[in-house]
Student: 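Pasting in a structure now, in structure tokens, and then I'll have a few things to ask.
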Amino acid sequence: MDEKKNKKYRDTKVGLTLRILVSVYVLYLAYGLIQGFGETAGNDRIFIAAAIVIFIAAGGAILIVSAKKLIRKEYADADGQAEDDEEQ
């Protein structure tokens, strides 16, 4: 049972914060691609549109999941103990 709890709380607070920062950067890159989308022509538009969709989906998903875990305190603290275990 303890191993199952450790797997659930493998993420750390710093790791989740870094994931949020990286996902915001990926969303910023998607925004930059959207800004330059009107200047592209031909077959490049298809690839750039696909990249925009992928960047928005991946960045948004990582942001939502990481922020949810951070808000719910579903992470291990510096000692490796789950944050919720100390409250019990």
Side-chain angles (χ1 to χ4, degrees):
M1 186 74 174
D2 288 334
E3 188 169 323
K4 191 173 184 179
K5 284 186 178 181
N6 286 343
K7 282 186 178 183
K8 183 178 178 183
Y9 296 111
R10 279 191 289 181
D11 299 322
T12 62
K13 189 174 184 178
V14 173
L16 291 171
T17 305
L18 288 174
R19 284 184 194 171
I20 289 171
L21 290 174
V22 169
S23 66
V24 169
Y25 181 68
V26 169
L27 291 171
Y28 172 74
L29 290 176
Y31 176 74
L33 287 173
I34 292 169
Q35 291 287 320
F37 188 70
E39 300 170 6
T40 60
N43 292 335
D44 291 341
R45 291 179 72 94
I46 295 170
F47 294 116
I48 292 175
I52 290 170
V53 169
I54 290 170
F55 279 30
I56 290 174
I62 293 169
L63 178 66
I64 291 169
V65 169
S66 298
K68 191 163 94 173
K69 283 184 177 183
L70 196 61
I71 291 169
R72 291 183 177 178
K73 296 184 179 181
E74 294 177 351
Y75 54 83
D77 60 2
D79 298 335
Q81 298 276 334
E83 186 78 22
D84 292 338
D85 291 343
E86 292 178 3
E87 293 175 3
Q88 293 177 358

Student: So, taking the atom named CD in Glu74 and the one named NZ in Lys13, what distance separates them when rounded to the nearest 0.5 Å?
Tutor: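 That separation rounds to 14.5 Å.
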Student: From Ile34 CD1 over to Phe55 CZ, what is the distance, rounded to the nearest 0.5 angstrom?
Tutor: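 Ile34 CD1 to Phe55 CZ: 11.5 Å, rounded to 0.5 Å.
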Student: Which heavy atom of Gly38 sits nearest a heavy atom of Arg45, and at what distance?
Tutor: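 In terms of heavy atoms, the two residues are closest at O-NH1, 4.1 Å.
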Student: So, for Ser23 and Gly59, which heavy atoms are closest and what is the spacing to 0.1 Å?
Tutor: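 Between these two residues, the closest heavy atoms are CB-O, 3.3 Å.
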Student: Should Ile62 and Tyr28 be counted in the same cluster of Ile, Leu, Val, Met, Phe, Trp and Tyr side chains packed under 4.5 Å apart?
Tutor: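 No, it is not one cluster - the side chains of Ile62 and Tyr28 are not joined through contacts under 4.5 Å.
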Student: Answer whether the closest heavy-atom distance between the side chains of Leu70 and Ile20 falls below 4.5 Å.
Tutor: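 The answer is yes, as the side chains (C-beta and beyond) meet within the 4.5 Å cut-off.
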Student: Out of curiosity, Glu39 CD to Asp44 CG, how far, rounded to the nearest 0.5 Å?
Tutor: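 Rounded to the nearest 0.5 Å, the CD-CG separation comes to 12.5 Å.
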Student: Val24 and Leu16: same hydrophobic cluster, using ILVMFWY side-chain contacts below 4.5 Å?
Tutor: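 Per the 4.5 Å side-chain linkage, Val24 and Leu16 are co-clustered.
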Student: Going by heavy atoms in the side chains, are Phe37 and Leu33 under 4.5 Å from each other?
Tutor: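 No - every pair of side-chain heavy atoms lies 4.5 Å or more apart.
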Student: According to a hydrophobic-cluster definition based on side-chain heavy atoms being under 4.5 Å apart (Ile, Leu, Val, Met, Phe, Trp, Tyr only), do Ile56 and Ile48 belong together?
Tutor: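 Yes, it is one cluster - the side chains of Ile56 and Ile48 are joined through contacts under 4.5 Å.
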